[in-house]
Amino acid sequence: MYNATHSSAWVAVAAAARYLPGIVTSVFAARILDRFPPRRLLVGSDVCCAIAIAAMATAILLNASPAVAITLAAVVRVAASGLAPAAALLLPIVAGGGDLSRVASRQAATDKLLLLAGPAVGGVMLLVISPAVEMLALAVLVAIAAIVSLGLPSPGQLRPMPSDPAAGARRKMRAHTTSGISIFVALMGLSGLVYGTDTVLLAVLATTRLHLGDAGYGELFAGLGTGGLLAAPVVNRIVRQHRLAGWLVLCMVVYCLPSVLIAHSHNALSVVALEALRGAGALAVDVVALTELQRFVLPQGLPLLTARLTSVVFGAVAIGALATPLSLHGLGTTGTLTVLGVLPPIVVIGVYPVLRRSDTASTSRFEELEPRIVVLEHLGLLQASSRPVLERLAADVSELGISAGTTIIAEHDVADAFYVVRAGELEVFVGDRHVNDLHAGDWFGEIGLLEGVPRTATVRTVVPSVLYRIGGEAFLEAFAQLPPSPSLLDSVAARLAVSRLDVAAPAYSGPSGRLRSPET
């Protein structure tokens with residue numbers, strides 16, 4: 001866009017057109033998913049995206065007004081809004097049984113590869129083919145994805161979660177937590193504002209100062225992605241801390257302050273390296289702020305919060321993009337980069353006392369969850385989960401005292417929860433066959449949730465027992481948030497295989513050496 005128009009204003013409008021529709025679609029995406037089967041939504045979204053992208057290629061060939069391309073970019077954003085939630089619902093069905101580990105690991109690897117290499121590959125392709133041809137190739141790839149999606153399993157295999165009788169009470173509790181979340185929503189909006197300026201500034205920087213040509217914009221964004229990927233393990237350690245206010249300030253400084261150095265640099269390699277540092281800070285700001293939000297909001301409140309947060313962030317990105325041309329006109333490239341490097345950290349430092357108070361308010365709840373988190377993180381299937389995922393699951397735990405001889409789940413029932421055995425002994429039956437015993441540290445109930453199938457075994461207590469119950473909705477949301485761990489996937493695949501074969505023998509030996517149930 002910048003090479004075609006030589007105008008930062010057009011780049012800003014193009015960026016805003018990509019994000020402003022997301023404000024509307026983020027609100028209605030969940031309702032659309034409730035109304036249409038995920039496979040149909042996936043195929044329909046791909047088809048609409050392919051048509052819009054092909055139209056964009058045609059507009060480029062005909063030298064149409066940039067306004068046409070911008071409008072089509074907005075159409076693509078709207079059409080693509082259902083892809084991620086539909087794919088998240090279909091993944092456990094697509095990856096059932098022995099394929100679960102392979103599919104999930106490939107998906108995680110592909111996501112990382114595209115995040116790192118996607119912008120750079122797009123820029124490099126422009127060196128050898130025209131923009132119109134590149135857009136047409138993308139349209140063909142999306143159309144192929146639509147055809148592939150037609151072969152996905154029937155959406156009838158997906159079962160809605162039964163209503164949780166405690167949900168009403170939790171919603172009332174959640175109403176009292178909203179006062180503590182505004183500051184973190186605002187900070188994520190500030191992060192989005194900075195990113196919005198990047199969508200314009202990096203195009204100007206790559207072309208007018210660094211002279212990187214058509215590939216330059218992608219190379220600078222690839223630097224951001226690389227920094228985020230490299231920082232992910234460190235960020236996961238940071239969010240294990242009880243108090244995150246100081247880390248949030250530091251992360252915002254790492255995200256923004258390198259822009260001051262970039263403002264005075266004309267070396268492409270050093271700028272890419274500084275962008276990688278900024279990428280690490282950007283990831284850390286978002287994850288730390290989201291972790292703090294999660295500690296304030298009960299799991300049942302997260303979907304609604306996520307939709308509203310998406311609206312705030314997308315709106316901030318659009319505002320940042322639209323404001324950048326005005327800043328460039330008044331301050332120039334160097335001045336704009338300097339202001340963006342200094343002003344956001346000053347704002348965050350200024351609200352640090354508020355962040356500290358929020359930390360204090362969430363600490364008591366965090367300490368209350370800590371014993372549950374310790375139990376969950378020692379389960380083999382959750383051992384690779386991040387701290388935010390564990391906290392989210394722990395917040396949904398209900399501790400149940402069950403008398404001897406009680407049936408916890410029955411074969412063929414709808415799967416609605418995941419269970420962890422804290423104390424006692426339980427027995428597992430497939431039909432009339434006794435196939436296993438469960439003790440403290442064992443778990444059951446994940447297969448019916450992940451596979452979208454009825455319970456494949458019956459579990460009842462032998463002696464008085466204590467169980468942790470996690471609602472199916474919270475479990476599946478946590479499962480979809482991050483790539484599943486190999487331990488979880490291998491356990492699910494093996495236990496499901498035994499259940500389907502109706503073999504009267506345990507299928508999986510957990511870390512403790514005890515044999516697990518065939519599913520449940």
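Any value given below was found using the heavy atoms of this structure, including those in side chains, with hydrogens, waters and symmetry copies removed.
- The shortest non-hydrogen separation linking A52 to V76 is CB-CG2, 3.6 Å.
- Here the side chains of I262 and R278 are in contact, with some heavy-atom distance below 4.5 Å.
- What you find for A280 and A231 is that their closest heavy atoms are CB-CB, 3.5 Å.
- Here CG of L202 is found 6.5 Å from CG of L224. Values are rounded to the nearest 0.5 Å.
- Taking each heavy atom of G445 and F418 in turn, the nearest pair found is C-CD1, 4.3 Å.
- Looking at heavy atoms from C-beta onward, F475 lies out of side-chain contact with D396 at the 4.5 angstrom threshold.
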Would I51 and V47 count as a side-chain contact (heavy atoms from CB on, under 4.5 Å) here? Give the steps.
CA-CA 6 Å; I51 293 173; V47 169; 3.9 Å; yes
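- You'll find the side chain of R455 reaches within 4.5 Å of the side chain of D416, heavy atoms only.
- Closest approach of L269 and N267 over heavy atoms only: N-OD1, 3.1 Å.
- Using a 4.5 Å heavy-atom cutoff, the side chains of L193 and L190 are in contact.
- The two atoms that bring Y255 and A282 nearest to each other are CE1-CB, 3.5 Å, heavy atoms only.
- Between atom CG of residue L150 and atom CZ of residue R39 there is a gap of 7.5 Å, rounded to the nearest 0.5 Å.
- With rounding to the nearest 0.5 angstrom, the OG atom of S182 is 11.0 Å from the CG atom of L187.
- Residues satisfying the side-chain hydrogen bond (donor to acceptor under 3.5 Å, both in side chains) criterion with S45, sequence neighbours excluded, are absent altogether.
- Nearest heavy atom pair, residue V68 against residue A59, reads CG1-CB, 3.9 Å.
- Atoms OG1 and CG, from T338 and L257 in turn, are 10.5 Å apart once rounded to the nearest 0.5 Å.
- In this structure, the separation between CG on L340 and CG on D198 is 8.0 Å, given to the nearest 0.5 Å.
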With side-chain contact (heavy atoms from CB on, under 4.5 Å) as the criterion, how do V285 and V348 come out once you've worked through the C-alpha distance, each side chain's angles and the decisive distance to 0.1 Å?
CA-CA 11 Å; V285 168; V348 178; over 6 Å; no
Checking T334 against R209 for the side-chain contact (heavy atoms from CB on, under 4.5 Å) test, could you report, in this order, the C-alpha distance in whole Å, the side-chain angles of both residues, the deciding distance, and whether it holds?
CA-CA 10 Å; T334 299; R209 177 176 293 187; 2.8 Å; yes
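- Distance OG/S191 to CG/L248: 9.5 Å, rounded to 0.5 Å.
- Panel note: side chain T207, backbone A203; a donor-acceptor pair is recorded below 3.5 Å.
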Could you list the donor-acceptor pairs under 3.5 angstrom formed by side chains in residues 314-325, with sequence neighbours left out?
residue	atom	partner	partner atom	Å
T324	OG1	G320	O	2.6

Audit row: D286, V313, side-chain contact (heavy atoms from CB on, under 4.5 Å) steps and yes/no:
CA-CA 10 Å; D286 289 345; V313 172; over 6 Å; no
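- Exactly one of T336, L337, L201 qualifies for a side-chain contact (heavy atoms from CB on, under 4.5 Å) with S327. That residue is T336.
- D46 pairs by the salt bridge (Lys or Arg N to Asp or Glu O under 4.0 Å) definition with nothing, not counting sequence neighbours.
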